[in-house]
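Scroll down for the structure; my scribbles are underneath it.
Residue numbers start from 1 in every chain, and the chains themselves are labelled A, B, ... in the order their sequence lines are given, proteins ahead of strands.
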Amino acid sequence: MTDTQRIRFLSTSLIVGFFLAWEVLCILLNVSDLVLPRPSEILVTMWTRFPVLWPHILQTLYSTLVGFSLGVVIGVTLGVLVGTSKIAYAVAYPLLVGFSSIPKVAVVPIFVLWFGSGTTPAVLTAMVICVFPIVVNIATGLATTEPELEDVLKTLGASKTEILWNVGLPRAMPYFFASLKVAITLSFVGAVLSETVASNMGIGNVMMTASSNFQVSLVFAGLIILALMGVALYAVFSLLERRVTGWATRGNDIAVT
Amino acid sequence: MTDTQRIRFLSTSLIVGFFLAWEVLCILLNVSDLVLPRPSEILVTMWTRFPVLWPHILQTLYSTLVGFSLGVVIGVTLGVLVGTSKIAYAVAYPLLVGFSSIPKVAVVPIFVLWFGSGTTPAVLTAMVICVFPIVVNIATGLATTEPELEDVLKTLGASKTEILWNVGLPRAMPYFFASLKVAITLSFVGAVLSETVASNMGIGNVMMTASSNFQVSLVFAGLIILALMGVALYAVFSLLERRVTGWATRGNDIAVT
Amino acid sequence: TDIRFTLGWKTQGSDAPFLLALHKGYFEDEGLNVTIDQGEGSAATVTRIMGGAYDAGFGDINAIIQNAAARPGEAPVMVYQLWNRPPFAIVTPKTAGIEAPSDFEGKTLGGAQGTPTTRLFPVFAELNGVDLGKVAQENMAPNLQEPMMIRGDIDGAFVFTSTSWFNLIANRQDPAKDFNWFNFEDYGMDLYSNGLMVSRALLTENPEAVAGLVRAVNKATMEVAANQDSSVEAIMAFDNLVDPELERARLEFALTNLMNAPEVNEIGMGDLVDERLTRSIEIVAKGYELDRLPEASEIFDRSFLPPAEERSFEVTIN
Amino acid sequence: MNMSSNIPARDAQPVQTASVHSRPALELQNASVVFGSGANAVTALTPTNLKMERGDFLALVGPSGCGKSTILKLVSNLLQPSEGLVLVGGKEARAKELRIGMAFQNPTMLPWLTIEQNVMMPLKIVSPFKETYRQDKTGAFRDRVHALLAQVGLKDFAQHYPWQLSGGMLQRSNLCRALVHEPDLLLLDEPFGALDQFTREELWQIMQDLYLDRKPTVLLVTHDLREAGYLANRICVMSARPGRIISDEPVNIPQPRDIGMIYSPAFVEMTQNLRELIAQVRST
Amino acid sequence: MNMSSNIPARDAQPVQTASVHSRPALELQNASVVFGSGANAVTALTPTNLKMERGDFLALVGPSGCGKSTILKLVSNLLQPSEGLVLVGGKEARAKELRIGMAFQNPTMLPWLTIEQNVMMPLKIVSPFKETYRQDKTGAFRDRVHALLAQVGLKDFAQHYPWQLSGGMLQRSNLCRALVHEPDLLLLDEPFGALDQFTREELWQIMQDLYLDRKPTVLLVTHDLREAGYLANRICVMSARPGRIISDEPVNIPQPRDIGMIYSPAFVEMTQNLRELIAQVRST
Ligand SMILES: Nc1ncnc2c1ncn2[C@@H]1O[C@H](COP(=O)(O)OP(=O)(O)OP(=O)(O)O)[C@@H](O)[C@H]1O
Ligand SMILES: Nc1ncnc2c1ncn2[C@@H]1O[C@H](COP(=O)(O)OP(=O)(O)OP(=O)(O)O)[C@@H](O)[C@H]1O
Ligand SMILES: [Mg+2]
Ligand SMILES: [Mg+2]
């Protein structure tokens with residue numbers, strides 16, 4: 001108990017220290033607030049503009065979560081396909097890799113041309129951007145499942161679906177959760193990206209408006225808000241992860257300590 | 001042998017089929033080439049403009065690879081830290097998650113203002129964008145290492161570093177390679193992103209110019225080139241992966257088949 | 001009728017005519033259900049309309065010229081010209097020592113590739129005897145131009161006056177005192193620029209709606225010219241993120257520098273002079289290396305304009 | 001003398017007719033297994049013939065690495081023979097004609113499930129249990145699993161995870177998982193290896209009761225000749241790698257057998273004979 | 001009678017003085033282990049005292065789940081005692097005062113290494129071998145590993161991966177890994193469990209030669225009383241969970257012992273006595 005408390009204390013103070021260092025460095029090096037505002041300025045902006053920012057925060061959160069959820073569903077489905085069928089592997093992987101190497105910023109305008117601006121392209125972008133990491137990790141998790149574990153079900157005459165549900169997917173859970181952490185941050189990036197290109201709402205729109213008016217501290221307020229939302233969702237998944245994949249990290253919460 | 005050949009044939013024809021479907025759908029639905037050019041048009045553009053594109057391709061490849069390599073080094077180092085130390089986990093993870101939730105497009109201008117436009121911000125962007133997936137997967141790989149395997153070395157009085165090198169890292173290799181696939185595509189995205197913001201060279205710059213000139217098929221040629229480069233590098237890693245993590249996918253190249 | 005309308009950029013003071021019309025219900029009065037979205041560039045307005053996602057928008061006539069050349073019969077059509085004068089300019093800090101176009105030689109200029117200012121620079125150079133080969137150019141995103149110029153990374157930037165003027169203020173500069181402005185219109189390039197454009201489809205299938213749209217915008221424009229208070233109110237109602245003072249200043253800048261021209265006093269707001277348009281088509285064709293010169297009639301359609309007396313434009317700043 | 005031919009069909013499946021019984025439960029016809037190819041090829045099993053009637057209890061003994069586990073894997077269709085045929089219940093192994101219960105040599109409990117959930121897994125997968133799995137998993141099935149676990153002395157560990165158990169405890173849960181769905185064909189790969197003599201003897205008795213009660217076909221791999229002699233009614237001896245069955249003898253002692261019997265002179269003599277046989281093979 | 005007190009220091013380490021030898025190789029002082037807490041707490045080991053002099057060969061027998069593996073894990077510092085002290089070579093276990101070789105109950109070969117590489121791992125980690133590992137790994141060390149593998153009958157499998165080996169073969173390589181770096185303290189957890197009787201007896205003899213040659217301290221967990229009697233010079237019996245040492249008897253038979261001895265009446269009597277002792281404990 002005291003041990004976790006110590007770690008929590010240390011980590012909090014280190015994170016606070018990070019922001020303090022930022023503040024101090026900005027003052028010492030005399031960095032213009034047009035290049036990099038100080039955290040204190042950002043905080044003030046965030047606080048004073050909060051009522052205005054709030055609906056935008058909700059909008060971004062909404063687009064991100066919807067896109068992310070769809071992305072997870074698609075990602076897991078594709079991941080299972082790629083991880084269990086050689087043909088899907090040989091077909092889908094190159095296509096997915098190719099598609100993922102494309103900057104989404106080039107794809108958003110196409111979405112806008114198809115669906116108009118607003119929530120739809122944001123959701124779509126948040127979705128497509130987060131599919132690939134999930135696919136890769138699910139597929140890898142399935143491919144590295146120990147055959148011995150599958151054998152347990154095979155002797156019982158289990159169907160491939162049963163093996164998948166009872167061995168493959170549980171075994172791939174640590175991989176899945178690792179990918180979720182990456183995917184949620186990418187979803188945020190995607191939604192915001194789309195909002196900067198085509199939307200009247202959302203943190204992305206705020207940041208774009210702010211940056212084109214050189215309200216740099218508002219831009220950074222947007223960034224910090226995004227970061228906080230990312231961390232919050234990450235925390236949710238972490239909790240879920242600890243419940244679901246405790247078996248894989250048993251004993252040592254973290255490997256060597 | 002004939003089996004792999006069959007799969008190769010099937011996958012090739014399915015991928016070709018994908019592009020054919022694209023072509024046919026564009027013709028049938030009468031999609032304007034402003035919205036989505038047909039693959040044949042893109043191919044023609046790619047072919048005729050290739051001499052002009054070539055130096056840009058090299059530039060983007062260069063930035064991407066340099067940034068990616070740096071990103072891998074940093075990612076693995078951070079991943080090991082996060083995966084082996086509770087404090088690093090508690091400090092670095094929130095910061096990393098927060099930073100990753102920030103669209104890199106907001107970060108590039110800062111890089112440009114600090115380091116000037118051109119290759120440096122592209123390399124940096126390619127670097128920072130690919131660190132996170134690597135960190136997450138390395139850390140997860142280390143955290144899910146079976147204690148029994150570590151015990152083998154612990155009884156011998158091995159130091160933590162020895163355990164890391166001889167058990168943790170080899171065990172985390174499947175995770176590492178999964179993350180590399182995601183990381184390399186992100187690196188491409190990062191480099192191109194930076195090139196669109198401030199650069200006179202690179203595929204990103206070409207696409208930016210092309211899109212502001214409404215040369216949509218040149219934009220798509222750029223996208224396809226990016227996709228191809230991504231797939232090529234993915235193939236390299238796949239090969240490496242098969243050599244290094246064969247033990248984890250033994251027997252069944254892909255899980256259930 | 002549903003009209004999907006795209007602005008040229010994020011909400012700006014100069015969008016007041018449309019936002020006021022929306023705010024005050026002028027569109028509704030014409031039986032139009034208009035939804036306004038922010039844009040991604042006044043050139044992109046053209047693509048957005050051509051792609052079919054939008055029916056109308058606030059965008060650059062030169063982008064229409066460009067697209068009409070490549071795809072005759074597909075490009076949108078300008079139906080109400082708002083900015084009679086072009087905002088295209090090169091801005092240089094006084095410290096760079098650029099007093100005349102010839103001084104550009106040996107210097108580095110920066111701009112976003114493909115913006116009209118950047119793309120038309122070769123024409124500017126030719127008209128003003130600048131050796132293009134001696135001018136270095138850097139590509140960069142629009143929001144990097146002023147900071148990089150202030151830092152001295154570039155000696156000048158290809159800008160829109162209405163944007164850059166205020167960007168410089170935001171960067172704590174004095175745009176009037178410390179900078180030299182080379183407005184393209186002063187250097188033989190009296191182009192038209194932004195206005196209300198509609199898609200070909202809307203034009204042919206629903207001319208009624210177009211007429212209503214133009215009437216509403218015209219009514220609002222007149223009001224904006226007379227009363228900026230209500231304009232700012234309309235802007236803030238649309239987007240409460242922007243700084244009202246800044247946007248009021250930007251609106252005033254647009255009214256006085258871009259919309260209020262001698263020509264407007266003669267022909268009225270919304271209209272343009274065909275010879276001047278034909279001339280600018282040639283300039284644009286040269287700058288963008290177009291292989292076809294579109295007719296002025298492909299670009300602009302004055303048939304929806306209200307009678308001239310309803311379009312007499314007089315700016316009063318309050 | 002082979003005792004298995006006149007064992008009555010078990011009550012649970014009265015529909016099975018004589019014609020079904022005439023088909024042997026298990027048949028290896030010249031089945032061989034070679035792993036790898038070329039220079040790296042390892043012959044795990046030379047062409048082998050083996051036939052088990054329904055209700056047979058066959059013990060397979062032989063030196064380490066001779067192919068015992070390989071035979072079990074062939075029968076459970078985890079491996080395909082490189083050559084020859086493997087018939088289970090008269091059909092190819094992959095048809096899963098018989099309900100199989102297998103205790104792996106290395107207890108591979110699924111690490112994300114508790115012991116109870118692990119042991120219950122066959123009920124989730126195998127007909128007719130899986131049809132009512134949803135209703136019964138917290139009722140009848142749970143009770144069945146707990147009863148089994150209690151029999152092997154693990155009633156306090158149902159909610160534990162595999163890594164919280166000792167080696168012998170894992171092996172006992174492994175056995176439970178093989179038995180829980182009342183298989184027709186039991187494949188046991190050294191199921192008592194990691195246990196002390198007393199626990200082992202207790203489980204032998206449980207095993208014998210179970211066998212006599214339901215008369216499944218059992219193929220038991222073991223290194224313990226007394227275990228083989230006490231439980232089986234047929235003992236096959238295999239030679240060293242590449243494996244081959246070199247002796248196939250019935251155990252002519254009526255069942256049920258008393259555990260004290262393993263100290264009787266007749267029994268000791270039988271195991272002694274087997275011992276010598278194996279020793280002979282080794283030395284050649 | 002305890003025979004270990006007058007065993008000469010081994011030649012390899014002539015610097016060790018009598019004072020070092022006066023410290024026992026191993027000492028458990030009221031060491032107990034409790035897993036988990038509250039209602040879920042499992043007592044794996046009640047406070048236990050155990051002392052081994054250098055050169056002792058102690059066999060630990062007891063029912064499944066009584067805490068034998070737990071004791072080995074305490075000694076090798078994989079577990080810390082919940083209470084009490086564990087001293088190895090006179091210092092706390094974590095000091096790693098003695099060079100330890102451990103054969104785990106479950107052969108945990110690293111799956112990405114071949115058998116040869118797995119067996120060579122201790123040489124890569126443990127002084128003084130690790131200092132010359134780079135030069136010797138393809139020379140002297142390789143030869144040493146191959147010699148060991150040949151002794152246990154695995155010379156053809158050096159380049160195989162763990163999953164290509166049978167259960168018994170894995171266990172034999174596991175033993176090799178425990179021996180390869182000539183440990184001072186050998187911890188063997190049922191190292192011969194998955195082997196047939198003959199292979200087992202062969203390995204017993206190899207084990208005995210090795211012990212008599214280098215006189216390491218050996219702690220052997222086994223279920224086989226004959227194995228204990230043949231190899232050890234002291235046998236400890238543990239009660240059922242929660243474990244406790246209930247008997248600690250020397251084996252008064254001079255070493256080296258002949259394998260035939262295990263059929264001698266005196267030996268049979270000794271094992272019979274132990275058997276009865278264990279049976280008694282179980283029934284109480
Ligand atoms: N997947 C595999 N790849 C290559 N060789 C294998 C594989 N599985 C088993 N073998 C080899 O086949 C032979 C027989 O193995 P098997 O597991 O059947 O032995 P066993 O009789 O069960 O031995 P033990 O009593 O030691 O468990 C061994 O020599 C082993 O090396
Ligand atoms: N990591 C753990 N968490 C919780 N309980 C554990 C853990 N490891 C062991 N135990 C418990 O400790 C007790 C002793 O286990 P141990 O492995 O020492 O038994 P053992 O004597 O080696 O038995 P066996 O002969 O079956 O291997 C068992 O009841 C087991 O359930
Ligand atoms: Mg085996
Ligand atoms: Mg144990």
Subject >> Spatial distance of atom NZ (B:Lys86) from atom CG (A:Leu10) [nearest 0.5 Å] >> reply: 13.0 Å

**OP:** Side-chain contact test, heavy atoms from C-beta onward, threshold under 4.5 Å: evaluate it for A:Phe220 versus B:Ile110 and give yes or no.
**Re:** yes

**OP:** Determine the minimum heavy-atom distance between B:Leu226 and A:Pro103, stating which atoms define it.
**Re:** CD1-CD, 3.4 Å

Original post:
For A:Leu223, is it the side chain, the backbone, both or neither that has a heavy atom under 4.5 Å from a heavy atom of chain B?
Top reply: both

**OP:** Could you tell me whether the side chain of B:Thr140 reaches within less than 4.5 Å of the side chain of A:Tyr175, counting heavy atoms only?
**Re:** no

Original post:
By a 4.5 Å heavy-atom criterion (distance strictly below it), what part of A:Val105 contacts chain B: side chain, backbone, both, or neither?
Top reply: side chain

Original post:
Where on A:Ser13 is there a heavy atom nearer than 4.5 Å to chain B: the side chain, the backbone, both, or neither?
Top reply: neither

Original post:
Between A:Asn137 and B:Asn137, is any pair of side-chain heavy atoms under 4.5 Å apart?
Top reply: yes

Subject >> Contact class of A:Ile102 relative to chain B, heavy atoms under 4.5 angstrom >> reply: both

Subject >> Approximate separation, where rounding is to 0.5 Å, of A:Tyr89 OH and B:Ile7 CD1 >> reply: 11.5 Å

**OP:** For the residue pair B:Leu228 and A:Ser101, establish whether any side-chain heavy-atom pair is separated by less than 4.5 Å.
**Re:** no

**OP:** With a 4.5 angstrom heavy-atom cut-off, could you sort out which part of B:Thr245 is near chain A: side chain, backbone, both or neither?
**Re:** neither

**OP:** Check the surroundings of atom CZ in B:Phe9: do more than 12 heavy atoms from other residues, nucleotides or ligands lie under 6.0 Å from it?
**Re:** no

Original post:
Any idea which heavy atoms bring A:Gly98 and B:Ala227 closest together, and the distance?
Top reply: O-CB, 3.4 Å

Original post:
Any side-chain heavy-atom pair from B:Val91 and A:Ile15 closer than 4.5 angstrom?
Top reply: yes

Subject >> Distance in Å, A:Tyr234 OH paired with B:Leu96 CG, rounded so as to fall on 0.5 Å steps >> reply: 9.5 Å

Original post:
Between A:Tyr93 and B:Lys181, which heavy-atom pair has the shortest distance, and what is it?
Top reply: OH-NZ, 3.7 Å

Original post:
Given a strict heavy-atom distance threshold of 4.5 Å, which part of B:Val192 is in contact with chain A: side chain, backbone, both, or neither?
Top reply: side chain

Subject >> Residue B:Phe115 excluded, over 12 heavy atoms near CZ under 6.0 Å >> reply: yes

Subject >> Toward chain B, the part of A:Trp247 with a non-hydrogen atom under 4.5 Å >> reply: neither

Original post:
Would you say A:Val97 and B:Leu233 make side-chain contact, with heavy atoms under 4.5 Å?
Top reply: no

Original post:
Measuring heavy-atom distances to chain B, does A:Phe177 have an atom under 4.5 Å in its side chain, in its backbone, in both, or in neither?
Top reply: neither

**OP:** Would you mind reporting whether B:Val182 and A:Ser100 have side-chain heavy atoms less than 4.5 Å apart?
**Re:** no

**OP:** Please test A:Val231 against B:Leu95 for side chain to side chain contact (heavy atoms under 4.5 Å, CB included), starting from the C-alpha separation and ending with a verdict.
**Re:** CA-CA 8 Å; A:Val231 172; B:Leu95 287 178; over 6 Å; no

**OP:** Drop me the distance from B:Ile87's CD1 to A:Leu14's CG, to the nearest 0.5 angstrom.
**Re:** 7.5 Å

Original post:
Do you know the tightest heavy-atom contact between A:Trp114 and B:Leu36?
Top reply: CZ2-CD2, 3.9 Å

